[in-house]
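Computed from a prediction, not measured in an experiment: that's the story for all the values here.
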Amino acid sequence: MLIHQIGIGRTVFSRCQARTSHIKTSWLRTLSTGAESSRHDFNEKARYGSTRLVTLAGLGAATAAGLYYYVKNYFPKILALENKVEEEAAPEREPGSYVDGLPVYSSNDVANHRDETTGVWISYKSGVYDITSFIKSHPGGNKILLGAGGSVEPFWTLYAIHKQPQILALMEEYRIGNLTKGEEHLAMMNMDDPYANEPQRHPVLTIRTKKPFNAETPASLLVENFITPTEIFYIRHHFPVPDVDLSSDDYSIEIVGIDEKQSLNLNLDQLKTVYTPHSVTASLQCSGNRRSEMNRVKPVKGLEWAQGAMGNAVWKGVRLRDVLLDLGVKDSDENDNWHVRFDGLDMDPTSAPYAVSIPLSKAMDPRGDVILAYEMNGETLTRDHGFPLRVVVPGTTGARWVKWLTRIEVSKNESESHWQQNDYKSFNPSADWAKVDWSTAPAIQEMPVTSVICDPQDGETTTLQDGKLQLRGLRYAWSGGGRGIVRVDISLDLGKTWHVAELIDPVGLNRQWAWTRWRADLPVAVKETEVWVRAVDSAYNTQPEGMEHIWNMRGVMAVGYHKIKVSVNAD
Ligand SMILES: Nc1nc2c(c(=O)[nH]1)N[C@H]1C(S)=C(S)[C@@H](COP(=O)(O)O)O[C@H]1N2
Ligand SMILES: [Mo]
């Protein structure tokens, strides 16, 4: 079944639109004016300011989802300051609740207070807040007024996970009144839903979150095919999906080198005609794949992926190496420690685009197969997978495969983005979220070896065939860095004895970007059995036995043996 995308006309969240003047949504317009430039000084102040200023910066940003950025980056700090914050906090009551005796304002009244001359008001549920005094005390604060005159809720429905009770309690300090009863909803309607123009998705996907959309392929379908059909391929978004209109001249890819003279600006047609196409079959896996198994050891922070945040596809595009050579990047070991940064068109509400980087040496490696892809499985990329262009970084974790690619920059430093610096890293199992220094761990690039049994499923009852348990059809093994799978081992007796599985797909030792499916038919004499699987890659790396000792607070690289329990029916 093929899904046809439906375009609903309205485009949100697209930076190419923000660049031209096609912006239609009110809050996006606000975002594009100044939000970007203020982000840095806001951050600086938050970092170096007093407790109070940090707190206030958070509140100022709360006028929109600048709060989101704040919370995300300074969450550990907020936790550390929690006690302090509580001392300072306003009257204890349910934030946003109706408070008897306070004046009542309509959503129109709130909308008429958008700047310093009128005063700056915002609403949250039934609460009306005047945050003008904060703006005045915070130089440059007016620039971060993203949602002035409206409800902050639409921003928080976007990033519900970041709605922090501490911030909500603080807002009550600025409480001036109640919103006219029945208008809470209206206030929200003043904002456009940035998720109004999402593509349609295949109903078989298991949804983890709707906004942003995150969904995985059910294990039972996952590896029925060596190449995962596009319409059931897992989807991992941080934000709403950009909608790029190639018929307008808005879309281009900016490519900049280390010195100012090095710069290229290409549209998609130019990219396709100037460079030789190159295809690569490569598996894409999210750093958080199998996180739910790790979560069972002890809760971790992140989407609860089972085994389906991975797929295998044929990607076609042009070699990034060719483009970079054209730009003037030297094919030499002088720049081995440099990086290539990628920006997507999707952005957080402070206009920070989704951005990450990879080592330049990977991009320049003629055998690294890094491509700027415009096709997936023989068809134009779908919006969910990055239309019109995404980077494909074989052997490297999914987070680096930037979708809706709009900017590439060669740099001596890694991307400064949140996703490069403060996410997608792993720590010691005892590391504590509130105290951890993210700069001490490198960003995940190549992933370790992993393997999975998809059929039968954990807890399933299965029927023996000729007295044998069939682990057939649906399982995969894969390793990062192009290391092929050389062996898959299965144990039915908790590791006392091991069987060797048969590898189904052709396997190379190196430059093996695709997964390898395997099969095993094993005799079982008992009714209940626990099946363990582990893979060995071409460097003889194998998986750790359990998730316990690789447990990390973010739940990334959950690559312990896959263990399932199955009951067997006598045949
Ligand atoms: N621009 C952009 N690129 C992105 C992301 C994103 O949110 N925005 N998510 C990343 C992550 S974490 C993963 S795992 C993969 C998922 O790719 P897919 O949705 O095509 O499966 O895209 C990566 N590229
Ligand atoms: Mo991911």
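A 4.5 Å side-chain heavy-atom check between F213 and V241 finds every atom pair outside the cut-off. Looking at L327 and I408, their side chains never come closer than 4.5 Å, going by heavy atoms from C-beta outward. E545 has its side chain within reach of W532: a pair of non-hydrogen atoms, C-beta onward, lies under 4.5 Å apart. You'll find the side chain of D537 stays beyond 4.5 Å of the side chain of V486, heavy atoms only. Taking 4.5 Å as the limit, some side-chain heavy atom of R554 sits within range of a side-chain heavy atom of R291. For the pair F226 and I504, the minimum side-chain heavy-atom distance is 4.5 Å or more. Between L271 and L389 the shortest side-chain heavy-atom distance falls below 4.5 Å. Within the 4.5 Å cutoff, side-chain heavy atoms of N265 are placed close to those of E254.
The CD1 atom of I490 lies 11.5 Å from the NE2 atom of H562; values are rounded to the nearest 0.5 Å. Here the CD-CD distance, from Q200 to E231, works out to 12.5 Å after rounding to the nearest 0.5 Å. Interatomic distance, L246 CG to Y374 OH, rounded to the nearest 0.5 Å: 13.5 Å. With rounding to the nearest 0.5 angstrom, the OG1 atom of T529 is 8.0 Å from the CG atom of L494. The CG atom of N225 sits 10.5 Å away from the CG atom of N312 when rounded to the nearest 0.5 Å. Distance check, rounded to the nearest 0.5 Å: CG of N335 to OG of S411 gives 12.0 Å.
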Problem set entry | Verdict with supporting geometry, E414 and V356, side chain to side chain contact (heavy atoms under 4.5 Å, CB included) | CA-CA 8 Å; E414 285 191 299; V356 289; over 6 Å; no

For this session: In sequence, state the C-alpha distance, the side-chain angles, and the governing distance for H339 and I358, and then conclude on side chain to side chain contact (heavy atoms under 4.5 Å, CB included).
Result: CA-CA 6 Å; H339 306 266; I358 60 167; over 6 Å; no

For this session: For side chain to side chain contact (heavy atoms under 4.5 Å, CB included), just list the numbers for R483 and E446, CA-CA rounded to whole Å, side-chain angles, deciding distance to a tenth of an Å, and then say yes or no.
Result: CA-CA 10 Å; R483 290 177 289 278; E446 289 179 4; 3.2 Å; yes

For this session: Go through N422 and Y424 one step at a time and tell me if the side chain to side chain contact (heavy atoms under 4.5 Å, CB included) criterion holds.
Result: CA-CA 7 Å; N422 298 333; Y424 302 111; over 6 Å; no

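Using the six-membered ring where Trp is involved, W438 and W433 have ring planes that are perpendicular, over 60° apart on the 30 and 60° scheme. W305 and Y234 have perpendicular rings, their planes meeting at more than 60° on a 0 to 90° scale where under 30° would count as parallel. In this pair, W419 and F239 present their aromatic rings perpendicular. The plane angle is above 60°, beyond the 30 to 60° band.
At distances below 3.5 Å, at least one donor-acceptor pair connects side-chain atoms of Q445 with backbone N or O atoms of S357. A distance-only check finds a donor-acceptor pair linking the side chain of N289 to the backbone of A309 [under 3.5 Å]. At distances below 3.5 Å, at least one donor-acceptor pair connects side-chain atoms of N552 with backbone N or O atoms of V556. A donor-acceptor distance shorter than 3.5 angstrom exists from the side chain of Q543 to the backbone of G560, with no hydrogens or angles considered. Q457 places a side-chain N or O within 3.5 Å of a backbone atom of C454 that can act as its donor or acceptor partner. A donor-acceptor pair is defined here as one N or O able to donate and one able to accept, closer than 3.5 Å; such a pair exists between the side chain of Q270 and the backbone of N267. Of the possible donor and acceptor atoms, none in the side chain of D455 sits under 3.5 Å from a partner among the backbone N and O of S220. The main-chain N or O of E304 is found under 3.5 Å from a side-chain atom of R208 such that the two form a donor-acceptor pair. Panel note: side chain K362, backbone G368; a donor-acceptor pair is recorded below 3.5 Å. Between the side chain of K425 and the backbone N or O of Q421, at least one donor-acceptor pair lies under 3.5 Å.
Of all the heavy atoms in M310 and Q285, the pair that sits closest is SD-OE1, 3.6 Å. The two residues H549 and P429 make their nearest non-hydrogen contact at O-CG, 3.5 Å. Scanning both residues, M294 and M557, for their nearest heavy atoms gives CE-O, 4.3 Å. Nearest heavy-atom pair, P240 versus E198, reported as atom, atom and distance to 0.1 Å: CA-OE2, 3.5 Å. The shortest heavy-atom contact between N569 and T463 is ND2-OG1, 3.7 Å. Closest non-hydrogen pair, I485 versus V507, comes out as O-CG1, 3.1 Å.
Applying the ring pair (Phe, Tyr, Trp, His ring centres under 6.0 Å) test to pairs two or more places apart or on separate chains, none has a residue in residues 274-302.
In the model, D343 has no side-chain atom that pairs as donor or acceptor with a side-chain atom of T406 under 3.5 Å.
Shown here is N337, whose CG atom has no more than 12 heavy atoms of other residues, nucleotides or ligands within 6.0 Å.
Here K403 does not pair with D346 in a salt bridge; the nearest charged N to carboxylate O distance is not below 4.0 Å.
Considering T281, T230, T382, T228 as possible partners of N377, the one that fulfils the side-chain hydrogen bond (donor to acceptor under 3.5 Å, both in side chains) test is T230.
Ring centroids of H385 and W315 are separated by 6.0 Å or more, keeping the two rings apart.
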Tabulate below the donor-acceptor pairs under 3.5 Å that side-chain atoms of residues 391-402 make, not counting sequence neighbours, or state none.
from, atom 1, to, atom 2, distance (Å)
T397, OG1, S287, N, 3.4
T397, OG1, S287, OG, 2.6
R400, NE, I444, O, 2.9
R400, NH1, Q420, OE1, 3.0
R400, NH2, I444, O, 2.9
W401, NE1, V393, O, 3.0
W401, NE1, T396, O, 3.0

